[in-house]
Amino acid sequence: MNPSYLYAALLDVLGYRFFLERDRQSGRLDFQEKLSAALAALEAVNEAVFGVRAISDTVILTCSEHEHFPEFLELLRGLFVAFLGQGIFIRGGVAFAQHFQNGRLTYSQAIAKAYELESKVAGYPRIVIDKNIVAMYETGSGLPEIASSGLICVENGVYFLDILTPSNWQQVYSCAKNLHVQSTGSLLADDPAFGKHIRFERYLRMSRHAPTAFSPFIGGIESV
Amino acid sequence: MSKIITMYNNKGGVSKTTTLFNLGVYLAEQGFRILFADCDPQCNLTELFLASNPDFEDPDKELPGTSIYQALLPRFRGEAGAIDQSKIELIESPLYQKTLLFRGDIEFSLAETYLGTAWNQAVTENIHEKNTYVALYHLLHGLGKTRGFDYILCDVGPSTGSITRTVVLACDGLFLPLVPDRFCNQAVRLLGSVIHEWISRHKQIVQTLAPFKIASFPGSPVLLGAVIQNFKVHSATKAKQSYVKWQERISADIKSYLLSKDGIAPAPSLNPLNPYIATIRDLGPLAPTAQMFGRAMFDIDQEHTREASTTGQMYYGSVWKPWVDRMGDYKTEIGKIASAMP
């Protein structure tokens with residue numbers, strides 16, 4: 001059987017090993033419960049169109065039809081917010097390419113590309129959309145309208161899912177703030193991890209849905 | 001629907017451009033609307049087409065119309081998904097009705113890189129390269145459809161590079177001009193496998209276009225026939241033995257190589273055992289005279305012979321008559337090529 005083309009999103013749960021170790025040390029299953037709660041956002045998905053697999057720190061979602069791509073992005077948006085609601089950042093990539101799955105075998109150029117976007121391009125908690133998908137929607141015929149959907153934004157040539165809406169901005173802000181406050185201890189002297197929070201806060205601040213008076217929750221640089 | 005046709009041989013000096021131009025003028029005389037597309041960065045077709053207009057003898061004079069490179073550049077640069085062909089200005093022939101030119105451009109040689117990359121990358125999910133890969137075909141067909149051309153005749157260079165490859169694959173059919181010699185024989189042996197490889201690769205690429213909602217194209221040109229060029233004769237009609245020998249060898253190789261299952265498909269009307277549809281004799285001074293005035297080889301006026309004579313006098317009587325005969329013979333052969341058009 002030849003591979004077919006589909007959209008694949010690969011999402012990485014950031015801090016997975018840290019949370020796992022914390023459960024191990026405490027003898028509790030807090031992280032498992034948070035993961036389950038976040039993934040509950042996928043319970044009602046149409047499995048005829050969307051595929052979901054969660055293994056370890058990775059969640060892979062697929063969408064097999066162009067007409068459902070906007071819905072797929074909405075699904076990812078909901079999942080991102082659900083994870084954040086549980087105090088977990090995720091980072092991902094979305095690509096459209098060949099994919100084959102049969103029993104134990106998964107052969108997927110789409111997942112490989114999505115992984116590449118997640119690991120090499122995303123940088124901070126966001127879901128990067130392959131520029132070829134955007135180009136396809138700009139030039140292809142018979143595809144749903146996504147340019148005006150407000151689902152994709154771009155900065156410095158990198159397209160990514162805009163998870164913010166007028167109705168969820170405040171909620172996402174509060175979750176990100178809580179996560180930052182809770183992480184303050186673990187972020188200390190860990191600049192790469194700290195940088196992810198800074199970039200996400202900047203994303204909140206730069207959003208067209210942000211209120212005029214933005215209150216930063218990450219402190220500035222101090223004199224010694 | 002307009003048909004896109006080329007004269008192709010990767011061996012140079014086989015009168016591709018001249019024959020294509022004369023074929024176009026002949027077809028226009030028959031009532032067909034013709035677009036010449038100069039896809040060869042050498043621009044010989046453009047030079048020939050414009051030679052009838054003395055305004056363009058000045059090398060600094062800017063040429064009219066949109067060049068094929070100017071038209072494709074927005075796609076190469078990724079500024080446009082497809083080419084807006086409504087903005088393309090074509091050049092009308094000052095001499096021949098119903099013939100227009102999509103002019104060439106020396107800078108079109110830069111397209112080798114763009115089209116070469118597209119050729120390699122179009123099979124991947126890279127939308128830019130996919131769009132570049134299909135751009136020329138859709139551009140030419142768009143022009144044919146919206147401007148009512150019956151035939152688009154593409155001139156290509158004698159190479160197997162990416163420009164030539166892209167043009168040949170955009171065509172519905174190709175004629176193979178040949179000179180009966182050793183190297184044309186070798187070219188015939190090579191061409192079948194080269195074009196077959198192009199068509200095979202095209203089929204792979206096509207499979208990756210539909211999922212991305214990119215309109216594809218057939219990419220399966222057929223051989224419309226071989227044209228023997230520059231045929232020299234001893235006496236009135238007897239061919240030189242060396243030409244006969246090479247013609248026979250080439251005939252065998254067209255069947256064994258070019259039209260084999262690993263070659264190119266023949267047009268339904270083509271007899272693989274006798275693929276020659278026209279035999280064009282060496283035209284002596286007619287060719288440079290016609291080229292000088294941008295005229296078809298069968299359309300030289302007596303006054304044009306001033307340029308061919310050493311005294312500057314027009315040819316008359318027994319000197320002019322062979323020209324008239326040769327023009328007649330030539331037109332007959334061009335007519336045979338026209339008959340093989342799809």
Side-chain angles (χ1 to χ4, degrees), chain A residues 1-10 49 62-70 72 93-101 107-118 120-121 128-147 152 154 156-159, chain B residues 1 71-88 114-115 117-142 145-146 166 170 200-218:
Chain A
M1 189 177 172
N2 288 326
S4 56
Y5 283 79
L6 51 64
Y7 297 92
L10 183 140
V49 179
T62 56
C63 169
S64 54
E65 294 172 14
H66 286 305
E67 63 179 294
H68 291 288
F69 183 57
F72 185 60
V94 180
F96 179 76
Q98 286 189 311
H99 178 94
F100 172 76
Q101 198 165 327
Y107 168 90
S108 180
Q109 293 175 13
I111 291 175
K113 179 70 180 177
Y115 171 70
E116 188 182 316
L117 293 171
E118 183 278 322
K120 293 183 180 168
V121 182
V128 171
I129 315 286
D130 186 10
K131 65 181 179 184
N132 287 304
I133 292 178
V134 176
M136 175 168 65
Y137 277 80
E138 283 172 354
T139 61
S141 56
L143 292 166
E145 173 64 38
I146 61 165
I152 299 176
V154 62
N156 193 32
V158 177
Y159 295 90
Chain B
M1 191 165 150
L72 287 166
L73 199 53
R75 171 81 295 278
F76 292 154
R77 288 177 173 164
E79 296 163 359
I83 304 304
D84 180 2
Q85 48 84 17
S86 68
K87 292 179 181 164
I88 290 170
Y114 294 115
L115 294 172
T117 306
W119 175 255
N120 289 326
Q121 297 289 316
V123 78
T124 72
E125 67 277 7
N126 191 320
I127 300 290
H128 170 67
E129 301 302 350
K130 286 180 188 295
N131 281 327
T132 300
Y133 181 74
V134 302
L136 181 73
Y137 173 87
H138 292 305
L139 171 60
L140 294 178
H141 258 278
K145 188 176 178 184
T146 58
T166 305
S200 299
R201 173 72 172 176
H202 173 76
K203 285 176 181 169
Q204 285 182 326
I205 293 171
V206 161
Q207 287 182 341
T208 73
L209 297 178
F212 292 86
K213 299 290 183 182
I214 293 173
S216 173
F217 61 93

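Note that the coordinates shown come from a computational prediction; the quantities given were computed from them, not determined experimentally. Residue numbers begin at 1 in each chain, while the letters A, B, ... track the order of the sequences.
Of the listed residues (A/Glu138, A/His66, A/Gln109), the one with the most heavy-atom contacts under 4.5 Å to chain B is A/His66. Of the listed residues (A/Gly142, A/Ser141, A/Ala110), the greatest number of heavy-atom pairs within a distance under 4.5 Å of chain B belongs to A/Ser141.
Looking at residues two or more places apart in sequence or on another chain, you find a side chain to side chain donor-acceptor pair (under 3.5 Å) between B/His141 and B/Tyr137.
For A/Lys131, no part lies under 4.5 angstrom from a heavy atom of chain B. With a 4.5 angstrom heavy-atom cutoff, B/Asn126 touches chain A via backbone and side-chain atoms both. When heavy atoms are compared at a cutoff of 4.5 Å, B/Thr124 does not approach chain A at all.
Outside the 6.0 Å centre-distance limit, the rings of A/His68 and A/Tyr7 are not counted as a close aromatic pair.
By the 30° and 60° cut-offs, the orientation of the rings of B/His202 relative to B/Phe217 is tilted.
Taking 4.5 Å as the limit, every side-chain heavy atom of A/Asp130 sits out of range of all side-chain heavy atoms of A/Phe96.
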Next item on the list: Could you give me the CA-CA distance, side-chain angles and deciding distance for A/Val94 and A/Phe69, then say whether side chain to side chain contact (heavy atoms under 4.5 Å, CB included) is met?
Entry: CA-CA 11 Å; A/Val94 180; A/Phe69 183 57; 4.2 Å; yes
